[in-house]
There are 2 protein chains.
Amino acid sequence: MPPSAAPRPAKRSEPRERLLATASGLFYAEGIGSVGVNRIVSQSGVTLATFYRHFPGKEDLVVAYLRGVHDVVEQRASVLREEHRGADLVRAIGEEVASETGRPGFRGCAFINAASEFEDADSPVRRVVAEHRRWYYKLVRRAFDEAGHGYPGNAARHFLMLRDGAMTAGYLDGPVIARRTFGRGIDGLLRSIGLEPAVPHEDVED
Amino acid sequence: MPPSAAPRPAKRSEPRERLLATASGLFYAEGIGSVGVNRIVSQSGVTLATFYRHFPGKEDLVVAYLRGVHDVVEQRASVLREEHRGADLVRAIGEEVASETGRPGFRGCAFINAASEFEDADSPVRRVVAEHRRWYYKLVRRAFDEAGHGYPGNAARHFLMLRDGAMTAGYLDGPVIARRTFGRGIDGLLRSIGLEPAVPHEDVED
DNA sequence: TACCCAAGAGAGAACGATCGCTCTTGACTT
DNA sequence: AAGTCAAGAGCGATCGTTCTCTCTTGGGTA
């Protein structure tokens, strides 16, 4: 999921915020290992000393970056929970995923990408990733539960697997294929318990 | 690395092979950007000059690494194609995916991980990734076609999305969840056209 | 058989660049 | 007086890459 990297045109912002915003954009767009501290610092209009005054080290910046992405997703989810209920909420979350894959600059899930660069499952970065995934699972599971699904755990796991695949496909196969395939998958998941009307479908090349 | 240097293999293989084998192991286990040429070289018992005598640069080594992984998958697929037909072949490919996620040291899909480190879709590395994914799509699509699926393209896309998700889940959520969820998803995909008998299922926590 | 020589490999120095990070200094706020 | 910031020098390490030099090997020729 891409961070909502809204460029701060404001003349005056806290150095920490600018550092985090710059780092988030670069980390997501180019990968974490490919982006050096010096580049983040200079692109933020901040000095190296200032960076190390706000962050103990680069890893903490990475953790802050992922926490920021999580906060955006969580915020968005809470809005969706207010606007939708039951199966409609599941559909809304799915629509959120689908539209994410179509955003310009989309490069897949920030957490999955980050995890691929950190082999140690006990590292702070991987912990944040695991936390986020657990949170997401619970969110979807609760939605299926409230939708009256008999097996909300299974359904949520199924949903998450499709989501992870959709995020990957959105990056590597294109948003059109990702949206179409993901949409069909979610429809099928809801239809399997009578939560979605059956619709005609046609096969497509590529 | 501590001086516990691995004893030189009695039978000395070609330097190129050793370089590729070492690099493949390190690239997959730790990520491509995290592994330097010097480490690959010294761990291969080969000198820097020898490396650059066989590979124009690191990127070519990465391409060779991914091509090697592809060759293994392709080889395995051709065996499966000989042993299974129709829906059985689909199931066999699915079983292959599931068992992959359970292998010790499993860190997700080598191609997806590599792609996350290379932002330029036109780079040689990304091209190999795209090639592999196209090949895989055609493999599965043909299997569904021969299984008598009315919409083999849709089914193959669905399968691939579940596969990508399963590879991610196998790494980040554990092989047990990945196998179970993926298995259910594939079963549902086959059952939806009467290729799989309906079976009872129960919900699980986590 | 004796010789030569090109090719391949080992060993390692060294290139400029960048890595994450520490430190100092001086100007400007509280 | 204390704290934050810009500016920037500099740390040791590593990055990918190029280089020289020596040793071994195998094959062709005499």
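Each chain gets a letter, A, B and so on, in the order its sequence line appears, and its residues count up from 1. Just so it is clear, the structure is predicted and the values come from calculations on it, not from any experiment.
For residues 53-62 of chain B, the set of pairs meeting the side-chain hydrogen bond (donor to acceptor under 3.5 Å, both in side chains) definition, not counting sequence neighbours, is empty.
Partners of A:E131 according to the salt bridge (charged side-chain N to carboxylate O under 4.0 Å, His left out) rule, which considers only residues two or more places apart in sequence or in another chain, do not exist here. Annotation: side chain to side chain donor-acceptor pair (under 3.5 Å) contacts of B:Y136 (sequence neighbours excluded): none. Taking the salt bridge (charged side-chain N to carboxylate O under 4.0 Å, His left out) definition, one finds that A:E30 meets it with A:R39, sequence neighbours left out.
Using a 4.0 Å cut-off between charged side-chain N and carboxylate O, B:R81 and B:E146 make a salt bridge.
Atom CD of B:E14 and atom C1' of C:dA7 are 13 Å apart (whole Å). Note: CG (A:L19) to P (D:dT4) measures 15 Å, nearest angstrom. A straight line from CZ of B:R16 to P of C:dG8 spans 14 Å, rounded to a whole angstrom.
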What pairs of donor and acceptor atoms, side-chain ones from residues 64-72 of chain B against any protein atom, are under 3.5 angstrom apart with sequence neighbours left out?
from, atom 1, to, atom 2, distance (Å)
B:H70, ND1, B:H132, ND1, 2.9

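Distance from the side chain of A:T47 is smallest for D:dA7 among the nucleotides C:dA9, D:dC5, D:dA7.
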Quick one: what's the B/S/- string for nucleotides 19-26 of chain C, heavy-atom cutoff under 4.0 Å, read 5' to 3'? SBBBB---

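For C:dA9, one of the phosphate oxygens OP1 or OP2 lies less than 4.0 angstrom from a side-chain nitrogen or oxygen of B:H54.
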